[in-house]
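To start, the structure under review is shown below, and the notes come after it.
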Amino acid sequence: MELKGTVVYPGNAEGRLLVLRKPLSFWGGVDPESGRIADPRHPQHGERLGGRILVMERTIGSSSSSAVMLELLRNGTAPAGVVVGEADAILVLGLLVAQELDYPTIPFLRVGTERVAALGRADGEHCTISG
Amino acid sequence: MNDPALLLSDDEAAILGGEAGPAQRLAMRIVVRMGEILGARELVEVASAHIDGCLYHGDGGTEFAERLVELGGRTAVPATLNVGALDLLNPKRVRSIGRRREMALRQMKAYQALGCRPTWTCAPYQSGHRPAAGEHVAWGESNAVAFANSVLGARTNRYGDFMDICCAIAGRAPRTGLHLDENRRATVVVDTRATSRALKERDVFYPVLGAWLGGAVGDRVAVIAGLPATVTEDQLKALGAAAASSGAVGLFHVEGVTPEAPDLATALGGARAEAVATPEPAELRAVRDALSTDASGRVDAVAVGSPHFSIAEFRQLEALLPSAPFAVPFYVCTGRSEHRRLEREGRLSRFGNAGVKIVVDTCVVVTPVLPPKGGVLMTNSGKFAHYAPSNTGYGVVYGSLEDCVASAVCGRVVRDESLWN
């Protein structure tokens with residue numbers, strides 16, 4: 001599968017899609033050490049973000065989610081890439097800071113909410129991002 | 001890539017080019033990049049900052065702050081600091097967190113080295129940091145953002161970790177969101193006339209209204225009509241904190257009370273409201289019930305002071321201090337400036353003698369303070385009620401300050417239900 005969209009942060013990635021069935025706040029919702037979804041109320045509780053291309057409409061919740069993104073990148077537990085529907089500043093900020101600290105970074109793509117909705121059935125499919 | 005139409009002034013371009021030094025350059029690079037992503041056309045000069053990034057979440061945050069220090073970073077505007085992970089005045093208050101303690105302390109020191117004032121409070125607006133109405137600022141910490149925008153009429157977006165310090169060093173923020181007039185006018189009217197005046201005069205009402213507001217409006221701007229003109233600053237603080245926890249409320253107006261809402265028409269910017277929402281008494285009652293996760297009547301600890309307790313709130317508590325000892329630990333979280341003032345006025349010992357444990361520079365939901373055995377926490381704070389279960393593992397019961405004191409003495413939940421029936 002090929003995804004086209006606006007490159008918010010460039011890079012190349014490949015991996016299986018992880019399409020979130022419910023919005024997720026990274027702060028309080030993702031364990032920065034393991035990269036697992038840690039919110040027990042989330043339907044994908046326990047899934048690992050590492051190596052996956054994370055697809056979601058938008059991020060919600062605390063602005064400290066930027067800090068969690070930075071820790072995931074630092075710890076090597078971040079997703080391989082992120083695809084969002086709407087503009088998001090919080091997770092990208094974690095990426096910009098990671099770049100300044102010479103941590104590894106990942107591509108971040110914005111594809112529009114309709115495209116994200118259409119990806120709902122593609123969970124688990126293999127996908128490549130080149131940006 | 002993104003729309004590149006962000007125009008910089010000559011000064012801003014010079015900072016971005018490195019003329020003001022490498023830390024300014026790094027900070028400006030991030031501010032400009034975020035401005036592009038958010039679709040800003042230009043930057044705005046900010047008069048002050050309140051920094052939330054000093055709380056330790058992991059080593060990356062420490063390394064970023066220390067990188068800024070190494071590069072010679074200094075804040076360009078006055079900046080206060082939000083809570084850290086440690087109580088620096090009484091280190092034993094926070095249980096051992098191993099090497100995280102050292103990293104948390106390094107992070108706190110790095111932010112001080114950048115020129116931020118060591119205020120360590122989530123209520124900087126009660127410790128003298130009060131921007132003027134209309135002033136552009138870059139504030140972090142959701143309750144402080146809601147207060148600065150709503151109660152003071154200053155202008156800030158929700159600047160979280162990293163962005164807050166970059167704005168403070170660059171002295172700029174992207175001119176977008178709540179910096180712009182058109183995004184500050186209310187689009188939703190919240191009509192509270194169905195609620196009894198007796199309830200609206202009580203502190204216990206405001207976190208409930210806030211939790212309802214966050215759920216009902218999300219990130220839209222509401223003007224609340226029908227609140228008594230006697231509503232206090234602490235009540236508005238509690239309202240904003242709860243609304244910013246349950247939703248993404250960064251600005252609300254109160255008709256006849258807050259600076260941008262002398263009347264409904266002004267708050268709405270002359271336009272018609274897109275929606276009118278009326279919290280019915282049964283709905284508020286349900287929101288109030290949902291602030292509690294435990295109905296067993298058990299209570300193992302009490303914590304108040306989120307946002308940090310003000311001097312006025314200490315006066316209220318002082319009047320309620322029981323002659324009988326507390327059966328469970330009673331924590332009050334506050335800023336060091338309030339703590340110092342109580343000490344100076346010779347009132348601190350009254351709280352200590354009554355068994356009140358005062359937590360300074362931090363709070364019970366961001367760092368391990370509560371007894372490790374777990375159980376049920378009682379609080380008068382909508383924000384503690386929201387975060388305590390996930391952050392501390394405690395179940396939670398919501399009640400008024402009076403209820404909290406009575407329950408701490410009995411060791412069982414005691415609540416005045418009459419106002420809610």
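In what follows, chains carry the letters A, B, and so on, assigned in the order in which the sequence lines appear, proteins first and then strands, with residues in each chain numbered from 1.
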Self-check item: Contact class of B:N391 relative to chain A, heavy atoms under 4.5 angstrom
Solution: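 Just its side chain gets close to chain A.
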
Quiz prompt | Part of A:E100 within contact of chain B (heavy atom distance under 4.5 Å) | solution = both

Practice problem: Would you mind checking which part of A:L70 comes under 4.5 Å of any heavy atom in chain B, side chain (CB onward), backbone (N, CA, C, O), both or neither? | Solution: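 Just the side chain, heavy atoms under 4.5 Å.
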
Quiz item: If you count heavy-atom pairs under 4.5 Å between each of B:I30, B:D219, B:L55 and chain A, which one has the most?
Solution: B:I30

Quiz item: What residue in B:G58, B:C166, B:G160 has the most heavy-atom pairs under 4.5 Å with chain A?
Solution: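 Result: the option with the highest number of such pairs is B:G58.
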
Self-check item: Qualifying salt bridge (charged side-chain N to carboxylate O under 4.0 Å, His left out) pairs, either residue in residues 44-64 of chain A, two or more places apart
Solution: A:E47-A:R52

Quiz item: Side-chain donor-acceptor pair under 3.5 Å between B:T62 and B:D59, yes or no?
Solution: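 Per modelled atom types, B:T62 and B:D59 side chains form no pair under 3.5 Å.
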
Quiz item: Does the ring centre of A:W27 sit less than 6.0 Å away from the ring centre of B:Y387?
Solution: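 Yes, they do, as the ring centres are separated by less than 6.0 Å.
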
Exercise. Just jot down the ring-ring contact (aromatic ring centres under 6.0 Å, His included) partners of B:F64, sequence neighbours excluded, or say none.
Key: B:F162

Quiz item: Going by an N to O cut-off under 4.0 Å, is there a salt bridge joining A:R110 and A:E86?
Solution: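 Between A:E86 and A:R110 there is no salt bridge, as every charged N stays at least 4.0 Å from the carboxylate O atoms.
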
